[in-house]
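Some notes on the structure that comes next.
Please read all numbers here as calculations on a predicted model, not as lab measurements.
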Amino acid sequence: MICPHCKISIEDDALFCTNCGKKIETISIDYSQPEDNAEITIGRYTTNDITLNSDSVSKHHAKISYRNGNFFIEDLNSTNGVFVNGAKVTKSSISSSDKINITKNIELKWNDILSAFNNKRTIKTPPIPKQQISKSEIKIGRHSDNDIVIENIKVSRYHARLIKENDNWFIEDLGSSNGTYVNGKKIKKISVSDKDSVLIGGIPLKLEDLLRKEKKIKGNVNITLENVSFEINGKKIIDDISLTIQPGEFVGLIGPSGSGKTTLMMLMNGMNAPTSGKILINNQSLHHNFEAFKGQIGYVPQDDIIHRELTVKESLLFTSKLRLQTTFTEDVDSQVNKVLKTLTLTDAQDVLIGTAEKKGISGGQRKRVNLAQELITEPSILFLDEPTSGLDPKSDNDVMNLLKNISERGKIVLLTTHAITEENFRILTHLIVLTKQGKLAYFGPANEACAYFGVNKPFEIFDKLEKQSPDSWKVKYRTSGYYKEYVVSRKSESRKTESKILSNYNKRNSQISQLLILVSRYFKIKIRDKVSTLILLLQAPIIAFFISLVFNRSEEKIQALFIMVIAAIWLGCSNAVREIVSEQAIYKRERMVNLSIFYYLFSKIVVLAILCLIQCLILVLIVSNALDFSGNVNLLFIILLLTSIASLSIGLLISSLVKTNEAAMGLVPIVLIPKIILGGLISKFAIMKDAIKVVAAFMISRWSFEASLISEFESIASVVIGDIGFSKDNIGIDILVILAFNIIFFYLTYFSLKRKDNFGK
């Protein structure tokens with residue numbers, strides 16, 4: 001259809017125009033009979049009834065007239081012609097069955113023609129008065145048999161209900177997956193009034209919205225920055241920025257290197273908090289109510305942060321199950337299939353995502369899969385950092401048009417980009433331009449930015465910014481009409497719906513199902529990563545072979561047991577040391593939504609413990625048979641397994657503290673060598689100084705070595721244990737200490753990851 005405001009062709013079911021950003025009111029019109037002798041014009045200039053933004057279209061390209069019940073199209077001496085059913089025409093009668101092209105490449109839809117005639121008639125349907133529901137109980141949810149239907153995947157089928165008791169309204173959550181919030185606080189049942197803000201599935205609503213006699217509700221979300229600044233070590237990165245972005249707007253964020261584009265985006269999506277100023281979503285503080293708004297914000301970073309060992313559909317299924325927290329498998333499948341279709345990924349759904357070494361889907365498809373991870377939860381605000389970087393021009397255009405279509409559904413889409421082209425400026429509705437030092441140089445319509453800066457080509461804006469100081473650009477914008485229209489007036493308009501802002505909220509309780517999903521996904525990833533997993537498994541038989549080869553005499557069992565303990569520590573640590581740092585971007589993205597740190601770590605422990613079990617079993621079987629161990633081999637296996645699992649917790653702790661795989665592997669020897677030196681054999685525990693023994697007590701190798709000696713020598717040569725300096729009666733203490741190491745390092749890793757949480761604060 002044609003936007004009645006700016007006359008640009010948009011999707012038939014669009015809620016907002018992607019060109020002017022204005023809301024499209026749904027009206028019922030009879031298109032069949034335009035007024036006799038009515039005419040519409042088509043061309044590149046906005047004075048036409050249908051505007052086509054293409055250089056191949058003439059300023060005034062063609063006109064269509066309606067006479068005596070027939071439609072006629074006439075070429076207005078255009079450069080590239082008018083075509084009907086493939087034939088170039090000067091003037092021709094047309095009907096809905098004809099294929100009409102303005103130039104060979106631009107097809108004119110019949111509905112757009114009728115819509116333009118309708119706009120010409122300026123017929124308006126009077127608004128339907130909003131009546132109040134007379135029922136005393138109103139059911140709210142996603143299923144069609146509710147009194148109020150909210151079509152959003154984060155809304156449960158039967159989410160909540162309003163109950164009228166003694167002339168007061170109460171809202172009650174019906175055990176929904178994503179909770180019901182009132183003024184930022186998660187509730188079970190509470191009284192509500194017009195002053196309260198209700199969030200259902202993360203969608204902000206007022207009591208009056210819920211009491212209107214409207215079957216379906218679609219939440220319209222806006223985001224406002226009020227005098228936002230951000231400093232690091234006294235250096236101002238973002239300087240006093242105010243603006244409001246409304247539903248349906250597709251906003252580009254550009255600026256020279258070092259202007260703070262990514263920093264501003266991180267503030268707006270809640271991952272960082274401003275030093276001063278406020279960021280509001282529908283006039284509620286984003287950072288004070290972050291938990292409630294999680295599902296409404298999507299963030300797609302520049303890197304493709306997806307598990308390459310999964311297929312496209314598997315990746316989306318796991319993301320859906322984690323984020324939606326629904327027990328209905330059909331809901332998850334339906335949502336995944338919907339997203340696959342939206343992003344034209346259906347044909348690639350069973351293809352491995354792949355890596356540079358192992359070919360999978362294409363680069364453009366990976367970008368769309370990355371985007372699909374966020375679209376699963378149907379966010380109202382979508383942030384993207386360089387979504388088209390590395391793509392060819394066609395893929396770039398495809399992604400931009402895809403994002404344009406998303407914004408047309410009433411979503412806010414904001415992206416940083418270096419693709420400063422005329423084509424992209426036509427696709428974007430609005431533009432934010434930052435200067436160096438994070439000052440706002442422009443916020444307004446994208447197609448008017450070049451005129452504002454006095455340039456002909458978009459990329460020339462950067463040269464223009466260099467010719468004046470950042471402060472002068474800031475002052476120029478604040479004294480411009482754009483500032484009054486797009487900052488001041490929008491701010492005062494949004495304040496009309498101002499609601500309470502509370503800082504306390506209840507965190508969503510993670511479900512045990514999240515652990516099962518994480519374990520299932522991680523296990524599949526390890527199985528698919530055949531080379532790395534095989535290398536880890538081969539370490540155990542190789543180490544066992546050399547232990548058996550070198551320590552082949554009965555009097556060398558002590559040395560063999562010590563090396564087995566060190567091997568168990570090495571195996572556990574090396575299994576885990578890269579597992580967090582290698583997917584830190586994925587972790588941060590999922591943590592931003594609803595990932596439980598406890599279940600995330602526990603899923604790592606569960607899967608890696610299976611690997612440790614196989615390794616320790618191979619180690620014990622080979623060495624015990626080769627050296628003819630006569631003690632309690634089963635106890636030895638349990639000791640080595642517990643030691644290896646405790647060591648994988650040490651590996652996870654290292655992995656949580658560093659930023660690169662190389663740094664993680666570099667720390668392993670530093671952690672391992674003290675355990676070798678203070679384990680009780682290199683320097684016998686019996687001859688260690690008391691102070692050194694205290695230090696040795698913090699080494700898991702000291703307790704594991706003692707327990708291993710007891711398992712082998714307690715019944716046949718307990719004097720050996722005493723000679724080393726250990727006690728044969730300490731087996732219970734040894735196992736308890738090893739278990740304590742497991743718990744301590746698990747929680748140290750937990751708090752290490754918790755320390756990295758800075759979003760919403």
Side-chain angles (χ1 to χ4, degrees), residues 305 307 518-519 522 525-526 529 532-533 535-537 539-540 543 563-591 595-616 640-679 695-705 737-758:
I305 52 174
H307 290 290
L518 289 167
V519 168
Y522 188 41
I525 290 169
K526 297 303 288 184
D529 191 7
S532 297
T533 304
I535 289 172
L536 292 174
L537 286 172
Q539 290 184 71
I543 293 171
I563 297 300
M564 290 174 75
V565 168
I566 298 301
I569 296 172
W570 161 259
L571 291 171
C573 198
S574 62
N575 287 345
V577 76
R578 289 172 295 187
E579 295 306 301
I580 294 177
V581 67
S582 63
E583 60 178 33
Q584 55 187 324
I586 298 175
Y587 164 79
K588 193 168 186 178
R589 184 180 192 173
E590 293 182 341
R591 179 72 184 137
L595 183 69
S596 161
I597 298 177
F598 182 88
Y599 289 147
Y600 173 75
L601 286 177
F602 202 67
S603 70
K604 299 286 186 190
I605 298 288
V606 170
V607 176
L608 294 175
I610 296 172
L611 187 59
C612 290
L613 185 147
I614 296 171
Q615 291 169 324
C616 291
L640 294 181
L641 177 59
L642 292 175
T643 301
S644 190
I645 294 174
S647 300
L648 77 83
S649 293
I650 296 173
L652 290 175
L653 176 60
I654 295 171
S655 194
S656 71
L657 292 170
V658 298
K659 294 184 178 180
T660 64
N661 285 330
E662 292 75 16
M665 291 306 298
L667 283 176
V668 173
I670 297 175
V671 171
L672 190 62
I673 288 172
K675 291 175 175 52
I676 297 173
I677 296 172
L678 299 173
V695 177
F698 291 94
M699 303 296 156
I700 192 172
S701 54
R702 172 255 182 273
W703 304 96
S704 298
F705 182 42
V737 171
I738 296 169
L739 288 171
F741 273 111
N742 275 273
I743 297 170
I744 289 169
F745 283 110
F746 178 89
Y747 277 101
L748 284 175
T749 309
Y750 176 91
F751 289 116
S752 173
L753 290 175
K754 187 70 175 174
R755 180 181 56 87
K756 294 183 178 182
D757 284 356
N758 61 351

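Once rounded to the nearest 0.5 Å, the distance linking CD1 of Ile605 with CD1 of Ile610 reads 12.0 Å. Here the CZ-CG distance, from Arg755 to Leu753, works out to 9.0 Å after rounding to the nearest 0.5 Å. We find the CG-CG distance between Leu667 and Leu672 to be 12.0 Å, quoted to the nearest 0.5 Å. Atom-to-atom distance recorded for Thr533:OG1 and Lys526:NZ is 4.5 Å, nearest 0.5 angstrom. Atom CZ of residue Phe705 and atom CD1 of residue Ile700 lie 14.5 Å apart, to the nearest 0.5 angstrom.
Residues in residues 571-591 take part in these ring-ring contact (aromatic ring centres under 6.0 Å, His included) pairs, two or more places apart or across chains: Tyr587-Tyr600. Pairs passing the side chain to side chain donor-acceptor pair (under 3.5 Å) check and including a residue from residues 640-650, sequence neighbours excluded, read Thr643-Ser704.
The aromatic rings of Phe745 and Phe741 sit parallel, their planes meeting at an angle under 30°, below the 60° perpendicular limit. Below 30°, between 30° and 60°, or above 60°: for Tyr747 and Phe598 the angle between ring planes is between 30° and 60°, a tilted geometry.
Side-chain N or O atoms of Gln539 include none that pairs as donor or acceptor with a backbone N or O of Leu571 at under 3.5 Å. Under the 3.5 Å distance criterion, the side-chain polar atoms of Gln584 are matched with a main-chain donor or acceptor of Lys659.
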Would you be so kind as to tabulate the donor-acceptor pairs closer than 3.5 Å made by side chains of residues 650-657, with sequence neighbours excluded?
| residue | atom | partner | partner atom | Å |
| --- | --- | --- | --- | --- |
| Ser655 | OG | Val577 | O | 3.0 |
| Ser655 | OG | Ile580 | N | 2.9 |
| Ser655 | OG | Val581 | N | 2.8 |
| Ser656 | OG | Leu653 | O | 2.7 |
| Ser656 | OG | Ser752 | OG | 2.8 |

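Across all their heavy atoms, Lys604 and Glu579 have their closest contact at NZ-O, 3.6 Å. Closest approach of Ser701 to Lys675, counting heavy atoms only: OG-O, 2.6 Å.
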